[in-house]
Amino acid sequence: QAEPQVARPSRRSRGRAAARVAEPQLAWPSRKNLPNWFNDMLKRVTQLVLWTETLDRPRCLWLPGLFSPSAYLTAILQTTGRMTGWALDKMTTETHITTISEPQGPSLVKTQPENGVYVHGLTMEGATFDIKNNVVVESTPKILFTPLPVLFVTVNHFAAQRKVVREMFGPQGPYEAPTYKYSVRGDGYPGNPDIKNFFFFVQLKCTMEKPPLHWGLRGLALFSISGN
């Protein structure tokens, strides 16, 4: 009797299967291929293990290692609200770019701030940040993504924040860079709008020659989880 013929997958379909990450119900959504996703998972585990061993807040948190960065930022608002008595709807996040750059930068953070947190791991698309002059500048040709320096995130009252913005950024104000959890733009994750993608704005200082409108037209954005 002749052996039955079994349909074999093509080389292309085998390649797609090899690079496919776990199903959404078994793992967090990701646009990375399998090797990069696995390295990302190891970094997440390392951060969580160190965090749970000491139960101390990390001096500089790797933001992409969180399943819900927006929940962490909400916790900062709640902590400040308990300290000051401010209502949650009267507070907003305030961001400051530090002079500490990746990749060795996070290890240079030795103490925790009294109000706020240091975070790192954000990636910038559409521009790069000049640490020396503390302004956004054009990207180097052929380099699409650049790491953002360590970011200090704190909380302020809306009324006080308006004054801080005028003092820090002048009459033109900052560029409010939208920050996304995944390497796609938009409020929801493609194919599953219930998964929230956008989670906050980062304030970036601009030059007078290239004001915030320029970077808005450039499509400058930040990502907590970059592509491969």
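Note that the coordinates shown come from a computational prediction; the quantities given were computed from them, not determined experimentally.
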Hey, could you give me the CZ/CG distance between Phe198 and Leu222, rounded to the nearest 0.5 Å? 10.5 Å
Are Phe129 and Ile100 co-members of a hydrophobic cluster defined by side-chain heavy atoms under 4.5 Å apart? no
I'd like to know if the side chain of Ser139 reaches the main chain of Leu144, judged simply by a donor and an acceptor atom lying under 3.5 Å from each other, with no hydrogens or angles considered. no
Nearest-0.5 Å distance that lies between atom CD in Glu53 and atom CG in Leu48: 11.0 Å
Closest approach of Gly126 and Leu220, non-hydrogen atoms and distance? C-CD1, 4.2 Å
Correct closest heavy-atom pair for Thr123 and Phe145 would be CG2-CB, 3.6 Å
Side chain to side chain contact (heavy atoms under 4.5 Å, CB included), that's the test. Do Gln203 and Tyr175 meet it? Break it down for me. CA-CA 6 Å; Gln203 299 162 334; Tyr175 174 70; over 6 Å; no
Over 60° means perpendicular and under 30° means parallel, so classify the ring planes of Tyr118 and Phe152, tilted if in between. tilted
Identify whether Leu77 and Phe158 are in the same connected component of the hydrophobic contact network (ILVMFWY, side-chain heavy atoms under 4.5 Å). no
May I ask you to decide whether Arg185 forms a salt bridge with Glu125, counting only side-chain N to carboxylate O separations under 4.0 Å? yes
Is Arg44 reaching over with its side chain to a backbone N or O of Pro64, donor-acceptor style, under 3.5 angstrom? yes
Determine yes or no for a side-chain-to-main-chain donor-acceptor pair under 3.5 angstrom, with Arg59 supplying the side chain and Val109 the backbone. yes
Set of residues satisfying side chain to side chain donor-acceptor pair (under 3.5 Å) with respect to Asn156, sequence neighbours excluded: Glu94, Gln161
ILVMFWY cluster membership beyond Val164 - transitive side-chain contacts under 4.5 angstrom: Val165, Met168, Phe169
Check whether Thr98 reaches the backbone of Val150 with its side chain - one donor and one acceptor, N or O, closer than 3.5 Å. yes
Keeping Thr207 on the side-chain end and Val136 on the backbone end, is there a donor-acceptor pair under 3.5 Å? no
From Asn36 CG over to Met41 CE, what is the distance, rounded to the nearest 0.5 angstrom? 13.0 Å
For Ala127 versus Trp215, what's the shortest heavy-atom pair and its separation? CB-CZ3, 3.5 Å
What distance separates Phe201 CZ from Thr92 OG1, expressed to the nearest 0.5 Å? 10.0 Å
With Cys206, which of Pro174, Pro212, Pro211 fulfils side-chain contact (heavy atoms from CB on, under 4.5 Å)? Pro212
Only one of Trp62, Tyr180, Phe199 forms a side-chain contact (heavy atoms from CB on, under 4.5 Å) with Ser224, so which one is it? Phe199
How far apart are the C-alpha atoms of Leu204 and Val202, what are their side-chain angles, what is the distance that settles it, and do they pass the side chain to side chain contact (heavy atoms under 4.5 Å, CB included) test? CA-CA 6 Å; Leu204 302 174; Val202 172; 3.9 Å; yes
With a 4.5 Å cut-off on side-chain heavy atoms, are Lys196 and Asp187 touching? yes
Test your reading of the model: is there a side-chain donor-acceptor pair from Asp130 to the backbone of Lys132, 3.5 Å cut-off? yes
Looking at Cys60 and His120, what are the two nearest heavy atoms and their distance? SG-CD2, 3.5 Å
State, yes or no, whether a side-chain contact exists between Leu88 and Gln78 at a heavy-atom distance under 4.5 Å. yes
Do the non-hydrogen side-chain atoms of His214 and Glu138 ever get within less than 4.5 Å of each other? yes
Can any side-chain N or O of Asn197 pair as donor or acceptor with the backbone N or O of Tyr182 at less than 3.5 Å? yes
Quickly, which of Thr154, Asn115, Thr93 forms a side chain to side chain donor-acceptor pair (under 3.5 Å) with Thr80? Name it, please. Asn115
Answer whether the closest heavy-atom distance between the side chains of Leu50 and Thr54 falls below 4.5 Å. no
Considering all heavy atoms of both residues, which atom of Leu66 and which atom of Trp51 are nearest to each other, and what is their separation? CD2-CZ3, 4.1 Å
Show, in sequence, the C-alpha distance, side-chain angles and deciding distance for Phe200 and Thr95, and conclude whether the side chain to side chain contact (heavy atoms under 4.5 Å, CB included) test is met. CA-CA 10 Å; Phe200 84 137; Thr95 59; 3.8 Å; yes
Single-linkage hydrophobic cluster Leu63~Met124, side-chain heavy atoms < 4.5 angstrom: yes
Spacing of Leu61 atom CG and Gln112 atom CD [to the nearest 0.5 Å]: 10.5 Å
Nearest 0.5 Å, please: how far is CG in Leu122 from CG in Leu148? 5.5 Å
Apply side chain to side chain contact (heavy atoms under 4.5 Å, CB included) to residues Ile76 and Thr79 and explain how you reach the verdict. CA-CA 5 Å; Ile76 300 172; Thr79 301; 5.8 Å; no
